[in-house]
Protein chains: 2
Amino acid sequence: MTRNPNMREAILSAAELLFSTNGFNAVSIRDIALEAGANPGSITYHFKSKDGLLLEIYKRHCGPMNKRRMELLVAARRVRDVQDRLEAIVRAYVQPAFSSSSDLAGGGARFTRLRAVMSAEGNAVVGRIIAEIFDDTTNAFIEAIEESLPHLPRTTIVWRSQFLLGALYYTLVSPERVTRLSRGEADGADMAEAIEQLVASTVASLQASDVDHLDTASRRAKPTQPPAKSVAGKRKENSTS
Amino acid sequence: MTRNPNMREAILSAAELLFSTNGFNAVSIRDIALEAGANPGSITYHFKSKDGLLLEIYKRHCGPMNKRRMELLVAARRVRDVQDRLEAIVRAYVQPAFSSSSDLAGGGARFTRLRAVMSAEGNAVVGRIIAEIFDDTTNAFIEAIEESLPHLPRTTIVWRSQFLLGALYYTLVSPERVTRLSRGEADGADMAEAIEQLVASTVASLQASDVDHLDTASRRAKPTQPPAKSVAGKRKENSTS
DNA sequence: TGATATTTTGTACAAACGTACAAAACTCGA
DNA sequence: TCGAGTTTTGTACGTTTGTACAAAATATCA
């Protein structure tokens, strides 16, 4: 059998691929070994345990990705125009999640899909990592958005950042849904297009005025309402704060 | 027929809970039996296999949820004002995903979280069901949105519906992230608040003009731009259509 | 009630799981 | 070329897995 010069890398790559498409528990160490062309025992040798392997995948990607995010964020904050700045901020958050600056091509998207799957499975191993590693970066983005949209409550920005991350995750998890529902007119696996659509959608969402709870309640009570000119963010803010 | 329907129901409920929080493969039949206070063998008796149990959960919820969605959609389409109609359409899609009209309280949210997890795990059993059962309903919503926003290409609506579903899923999967990032000011598990935030965000996203690729390219080339008044949906439409 | 149908239980089994570990096969400076 | 260090291999272990099945328990209805 041909020996792989860097078996450790092959194992990491195979594990990334299989975990990100099938979840953690559905993939056995033997599956990974087969995909990587390695012996099951050598996985134990390199990473000690299955959890250790998953942990190593995270360690490999988190640093470079969030570093790139922060670099792009610093540049984005310098953009003069508010609209452009907001778009640049969102793009700085989204883009590194699709294509990491690190070694492998498309590795960024694969790792982000892995994060989505682990998040859905409620994986205990990565639970702490997410809060420890990602929250700092996320907070920096929230603050940047706060600065550009000072009228918007922080809680609303948090909600919309949640929606952004969910949209990001799901786009990588189920791209075929976009292709199917668009009847082939769009390609859900087209990452460049996904980024553009996601950025545009998120910027518009962020620019909308805050949810007004009292107003919303009254609007549901009497659905007929003086006609609005169908411009988003039109509703006046008279929130509780 | 069923002499003691309680046990069957208890198994279904326990499986729903465990699957939706831990994934499919991480939960064993013995785990479910323990949670339901049943014997492992009785699960095989009622549902034949583990896959059969998962399938039965879907059969139980899909019908009522999508029926409710269609009822609300019909009502939403009758709303006169465009802004209000759009909001009603989005709400008709979102609301039944959080609280089903069926028996158990909060069962809707639990089932939607289950769908999110199965989607992330790429579960083969439910793969076909989703396309078969959900696409009809989703298409009805896309058409309703198309009707309210005739200037928007269908592909863009599909992308934004993808983002909506992803946001919906992730909100149910990781509500604690909202609580954490908002430093306790918001409660990610507050479903009513989540719905309001999600609806407002999505309506604003839908009302944004289409992504213009050429324009976007030029805007990135020369970042200085006539200042926008930071009102969502303000940008003029000069799309390709 | 007794006969029959339905549900629950306990146990068993083959397969797959994560992991450990010794032997074998490599690598590479001296 | 040699030998120490590193990596890979093969195998074996104790568990846990999904499922099957017969016996026991329970419910239904003449």
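Checking the phosphate oxygens (OP1, OP2) of C:dT8, no side-chain nitrogen or oxygen of B:Tyr45 falls inside 4.0 Å. At the phosphate of D:dT8, OP1 or OP2 sits under 4.0 Å from a side-chain N or O atom of A:His46.
Across all strands, A:Arg30 comes closer than 4.0 Å to base atoms (heavy-atom distances). B:Ser28 comes within 4.0 angstrom of the backbone, heavy atoms only, and of no base.
If you measure from atom CD1 of A:Ile43 to atom P of C:dC17, you get 12 Å, rounded to the nearest angstrom. The distance between atom NZ of A:Lys48 and atom P of C:dG18, rounded to the nearest whole Å, is 16 Å. Atom CZ in A:Phe47 sits about 15 Å away from atom P in C:dA20, given to the nearest Å. Straight-line distance from the CG atom of B:Asp31 to the C1' atom of D:dG18: 13 Å, rounded to whole Å. A straight line from CD of A:Glu9 to P of D:dT8 spans 12 Å, rounded to a whole angstrom. Between the CG atom of A:Asn6 and the P atom of D:dT6 there is a distance of 16 Å, given to the nearest Å. When the C1' atom of C:dC17 is taken as reference, atom CG of B:Asn25 falls 12 Å away, rounded to whole Å.
Here the side chain of A:Arg154 pairs no donor or acceptor atom with the backbone of A:Glu146 at under 3.5 angstrom. Judged by distance alone, with hydrogens and angles left aside, the side-chain atoms of A:Thr21 form a donor-acceptor pair with the main-chain N or O of A:Leu17 at under 3.5 Å.
Tested against A:Lys67 for a side-chain contact (heavy atoms from CB on, under 4.5 Å), the candidates A:Glu71, A:Met70, A:Arg69, A:Met65 yield a single pass: A:Glu71. With respect to B:Ile57, the side-chain contact (heavy atoms from CB on, under 4.5 Å) criterion is satisfied by exactly one of B:Arg115, B:Arg110, B:Glu16: B:Glu16.
Along DNA chain C, the nucleotide nearest A:Ser42 and the nucleotide nearest A:Ala26 are compared for position; the residue whose nucleotide lies closer to the 5' end is A:Ala26. The 5' end of DNA chain C is approached more closely, in terms of each residue's nearest nucleotide, by B:Ile11 than by the other of B:Ile11 and A:Ile29.
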Self-check item: Derivation of the side-chain contact (heavy atoms from CB on, under 4.5 Å) call for A:Ile89 and A:Phe141
Solution: CA-CA 7 Å; A:Ile89 292 170; A:Phe141 275 85; 3.8 Å; yes
Quiz item: Does the ring pair (Phe, Tyr, Trp, His ring centres under 6.0 Å) test come out yes or no for B:Tyr169 and A:Tyr169, once each step is laid out?
Solution: CA-CA 10 Å; B:Tyr169 278 173; A:Tyr169 278 173; over 10 Å; no
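Summarising the geometry of B:Pro96 relative to B:Arg68, their closest heavy-atom pair is CG-CG, 3.9 Å, with the distance given to 0.1 Å.
Taking only side-chain atoms of B:Asn39, from C-beta outward, the nucleotide of D:dT19, C:dG10, C:dT19 with the closest atom is C:dG10. The side chain of B:Lys50 lies closest to D:dT19, out of C:dA20, C:dG18, D:dT19.
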Practice problem: Quick one: the dot-bracket string of DNA chain D, using Watson-Crick and G-U wobble pairs with both distances under 3.5 Å, [ ] for crossing pairs and | for bases paired to another strand. | Solution: ||||||||||||||||||||||||||||||
